[in-house]
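This chain uses plain numbering: 1 for the first residue, then up along the sequence. Scope of the values below: all heavy atoms of this structure, side chains included, with no hydrogens, waters or symmetry mates.
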Amino acid sequence: MFPRSSECTRADLKGYARAADTGHVDAAERREILNRYRDHSRRFEAAAARRSSSRRGAVIPFTPPSSREVGQDPTAREIEVLQLVADGLVNREIGERLFLSEETVKSHVRHLLAKLQARSRAHAVAVGFRRGLIA
C-alpha cells in the first residue's frame, strides 16, 4: 500500500510511478489510487464551488490600444529601433548605438508594440519583416 501523502518523499513517488508504469500494481493498489483520485476530485470540486460562490467581482473588459496609435505607421526612428531589436540588441545597447537614453528606447519599443499590434519584441520583429519595414 501507499503511505499517506504527508509521509511520501519524492523518491517514493517516483518509485510508485515506475511500478505503476510497469504493470506490477495489484488490484488493491489500483483501487487505492482510484479512491485517492476520486477523493481529491471531490475536494477540488467543493473548493471550486466555494470559491465561485464567494466571488462577487466583475470581469475586466478588454480595452484595445488607443486609437491614436492603431493604424499609424512607425516613425523612422522607431523602425531604426526595430531593426536593432531584430539584430538582437537590448535596450541599453540600442541606446548607446543611437545616442538615446534607455528610457527613450523603451518608449520607442512600447510605441512599436502598439502600432504593430504585437505581443512581444519578437512578435514585433516578425510583423516588421512581414510588412517589409525591416530587412
message: Using side-chain heavy atoms (C-beta onward) and a distance below 4.5 Å, is Val81 in contact with Val85?
response: yes
- request: Could you tell me the separation between the NZ atom of Lys115 and the NE2 atom of His108, rounded to the nearest 0.5 Å?
  value: 9.5 Å
message: According to salt bridge (Lys or Arg N to Asp or Glu O under 4.0 Å), who are the partners of Glu93, at least two apart in sequence or on a separate chain?
response: none
- prompt: Taking only residues two or more places apart in sequence, or in another chain, which ones meet Ser107 in a side chain to side chain donor-acceptor pair (under 3.5 Å)?
  reply: none
query: Closest heavy-atom contact between Arg121 and Leu89?
result: NH2-O, 3.2 Å
task: For the pair Leu82 and Leu116, evaluate side chain to side chain contact (heavy atoms under 4.5 Å, CB included) and give the outcome as yes or no after the intermediate values.
output: CA-CA 11 Å; Leu82 184 61; Leu116 299 178; 4.0 Å; yes
query: How long is the span from the CD atom in Glu29 to the CD1 atom in Ile33, to the nearest 0.5 Å?
result: 6.5 Å
- line: Sorted by chain and residue number, the salt bridge (Lys or Arg N to Asp or Glu O under 4.0 Å) partners of Arg43 (sequence neighbours excluded) come out as Asp39
- request: Drop me the distance from Thr104's OG1 to Asn91's CG, to the nearest 0.5 angstrom.
  value: 10.5 Å
statement: Rounded to the nearest 0.5 angstrom, the NE2-CZ distance for His40 and Arg36 is 12.0 Å
Show me, pair by pair, the donor-acceptor contacts under 3.5 angstrom made by side chains of residues 122-135, not counting sequence neighbours?
from, atom 1, to, atom 2, distance (Å)
His123, ND1, Arg119, N, 3.0

message: Could you work out, with salt bridge (Lys or Arg N to Asp or Glu O under 4.0 Å) as the rule, every residue matching Arg77, not counting sequence neighbours?
response: Glu80
query: Is any side-chain heavy atom of Arg97 closer than 4.5 Å to a side-chain heavy atom of Leu84?
result: yes
message: Please enumerate all residues that pass salt bridge (Lys or Arg N to Asp or Glu O under 4.0 Å) together with Glu103, with sequence neighbours excluded.
response: Lys106
